[in-house]
Amino acid sequence: MKRFSWLFLFVWAAFACTHKTGAPSLPAAATLQQDTLPEPRGSYYFSGDYRYFADAATFRDCITNDTFPVVMRGDYKKMEKEYQKIGIDVPEGIYCEVMGYLTDKPAGEEGRNKQIVITSLIQFDRTSACRLGTVTGGIYTVYMPDKKNAQEQVSLKLNGDYTFQCIVNDLKTKKKTASVEGVWHRTSDEDIVFLTNGEVYYEGILDFTNMNLKLYDNNRKLWIFTQNG
């Protein structure tokens, strides 16, 4: 993802949740340039452990810790071939980076209702492994206008099926004032995009060290969404 693109980011969750319901005005958001999206369109970045055994493959997603069956199309054959080149005696999960997307499993199949289509292999790397922690283990929060003078709490939940919910609560009345739903994806190791109604409007950065979500507004003001905050 282009480095300059997120420097002009606007407060994502706060705007997304409040703008759609006419709540207190915040800086207007700008639609991302389409060239910030990865190619092929509709494919996103995944890192995790790929395992091939008995003519079937699975992919354990680092960021959610969920395991998905790999669909036999896209770069499936290349994944199988490169995995076998590694020369593994006993099938095991090998860390890799890929581009792909999730799709629904056929009706009637057991297990999770999602599977992954790998559209391109970036690399296998036996020297690397998934980081500790996932982004789907809790709720991210930030206070508006700041924690000391907080009037609203914005809560952001990222789910393992790559959907999200954003909720704004008025701290005085203890009532929900706005909400929005959509899907999220990674476009590189640290970059995330958020989509609503199929359109990309916002992006952010994952702070893996603290497991926080960093967002920037149009004044380059940093907002840190703290997990379980």
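Quick caveat: nothing in here was measured; it's all calculated off a predicted structure.
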Trainee: I need the S128 OG to I94 CD1 distance, nearest 0.5 Å.
Mentor: 11.5 Å
Trainee: Quick one: closest heavy-atom pair of C96 and L121, and the distance?
Mentor: CB-CD1, 4.4 Å
Trainee: Ion pair present between D75 and K81, side-chain N to carboxylate O less than 4.0 angstrom?
Mentor: no
Trainee: Between I116 and Y101, is there a shared hydrophobic cluster once you connect ILVMFWY residues whose side-chain heavy atoms come closer than 4.5 Å?
Mentor: no
Trainee: Taking a hydrophobic cluster as the set of Ile, Leu, Val, Met, Phe, Trp and Tyr residues connected by side-chain heavy atoms closer than 4.5 Å, whether directly or through intermediates, do L156 and M211 fall within one such cluster?
Mentor: yes
Trainee: Taking D207 for its side chain and T209 for its backbone only, find out whether a donor-acceptor pair lies under 3.5 Å.
Mentor: yes
Trainee: Whether the N159 and K157 side chains hold a donor-acceptor pair (N or O, under 3.5 Å, no angle test) is what I'd like checked.
Mentor: yes
Trainee: Can you see which heavy atom on G160 is nearest to which on T136, and at what distance?
Mentor: N-CG2, 3.7 Å
Trainee: For the residue pair F164 and L195, what are the closest heavy atoms and their distance?
Mentor: CE2-O, 3.7 Å
Trainee: How long is the straight-line distance from CG of D170 back to CD of Q153, given to the nearest 0.5 Å?
Mentor: 11.0 Å
Trainee: Counting only N and O atoms by type, is there a donor-acceptor contact under 3.5 Å from the side chain of D125 to the main-chain atoms of T127?
Mentor: yes
Trainee: Do I122 and V98 pass the side chain to side chain contact (heavy atoms under 4.5 Å, CB included) test, and can you show the C-alpha distance, the side-chain angles, and the key distance before you say yes or no?
Mentor: CA-CA 5 Å; I122 299 174; V98 302; 5.5 Å; no
Trainee: Under a single-linkage rule joining Ile, Leu, Val, Met, Phe, Trp and Tyr whose side-chain heavy atoms are separated by less than 4.5 Å, which residues share a cluster with F53?
Mentor: none
Trainee: The test is side chain to side chain contact (heavy atoms under 4.5 Å, CB included); show your working for N212 and L206 and say whether it passes.
Mentor: CA-CA 6 Å; N212 294 331; L206 278 168; over 6 Å; no
Trainee: How many angstroms lie between OG1 in T226 and CG in L213, if you round to the nearest 0.5 Å?
Mentor: 10.0 Å
Trainee: Pair D161, L102 - check side chain to side chain contact (heavy atoms under 4.5 Å, CB included), show working.
Mentor: CA-CA 8 Å; D161 61 356; L102 297 184; 5.6 Å; no
Trainee: Hey, are the side chains of R60 and C130 touching, using non-hydrogen atoms and a 4.5 Å cut-off?
Mentor: yes
Trainee: Is there a path of hydrophobic side-chain contacts, each under 4.5 Å between heavy atoms of I, L, V, M, F, W or Y residues, that connects F59 with V117?
Mentor: no
Trainee: Hey, are K214 and E190 close enough for a salt bridge, meaning a charged N less than 4.0 Å from a carboxylate O?
Mentor: no
Trainee: On a heavy-atom basis, which atom in V154 and which in C166 lie closest, and how many Å separate them?
Mentor: CG1-SG, 3.8 Å
Trainee: May I ask you to decide if E97's main-chain N or O and S47's side chain share a donor-acceptor pair within less than 3.5 Å?
Mentor: no
Trainee: With a cut-off of under 6.0 Å to the ring centre and 45° to the axis, is R186 in cation-pi contact with Y45?
Mentor: no
Trainee: Could you tell me whether the side chains of Y162 and D66 share a donor-acceptor contact shorter than 3.5 Å?
Mentor: no
Trainee: How far does CZ of F208 sit from CZ of R131, to the nearest 0.5 angstrom?
Mentor: 4.5 Å
Trainee: Going through the distances and angles, do R126 and E92 end up as a side chain to side chain contact (heavy atoms under 4.5 Å, CB included)?
Mentor: CA-CA 11 Å; R126 293 196 74 175; E92 62 178 278; 3.5 Å; yes
Trainee: Do W223 and V180 belong together in a cluster built from hydrophobic side chains that touch within less than 4.5 Å?
Mentor: yes
Trainee: Consider only side-chain heavy atoms of I, L, V, M, F, W and Y, link residues closer than 4.5 Å, and tell whether M79 and F46 are in one cluster.
Mentor: yes
Trainee: Taking all atoms of both residues into account, what is the closest heavy-atom pair of T103 and V71, and its distance?
Mentor: CG2-CG2, 4.3 Å
Trainee: I'd like to know whether K114 forms a salt bridge (charged side-chain N to carboxylate O under 4.0 Å, His left out) with D61, so could you lay out the CA-CA distance, the side-chain angles of the two residues, the decisive distance to 0.1 Å, and finally the verdict.
Mentor: CA-CA 12 Å; K114 294 290 184 181; D61 184 21; over 6 Å; no
Trainee: Could you give all pairs that pass the ring pair (Phe, Tyr, Trp, His ring centres under 6.0 Å) test and reach residues 76-99, with sequence neighbours left out?
Mentor: Y50-Y83
Trainee: Mind listing the closest non-hydrogen atom pair of I63 and T134 along with its distance?
Mentor: O-CB, 3.2 Å
Trainee: Taking W184 for its side chain and V193 for its backbone only, find out whether a donor-acceptor pair lies under 3.5 Å.
Mentor: no
Trainee: Atom OG1 of T141 and atom CG of N169: how far apart are they, to the nearest 0.5 Å?
Mentor: 11.0 Å
Trainee: Could you state the interatomic distance from CZ (R73) to OG1 (T119), rounded to the nearest 0.5 Å?
Mentor: 11.0 Å
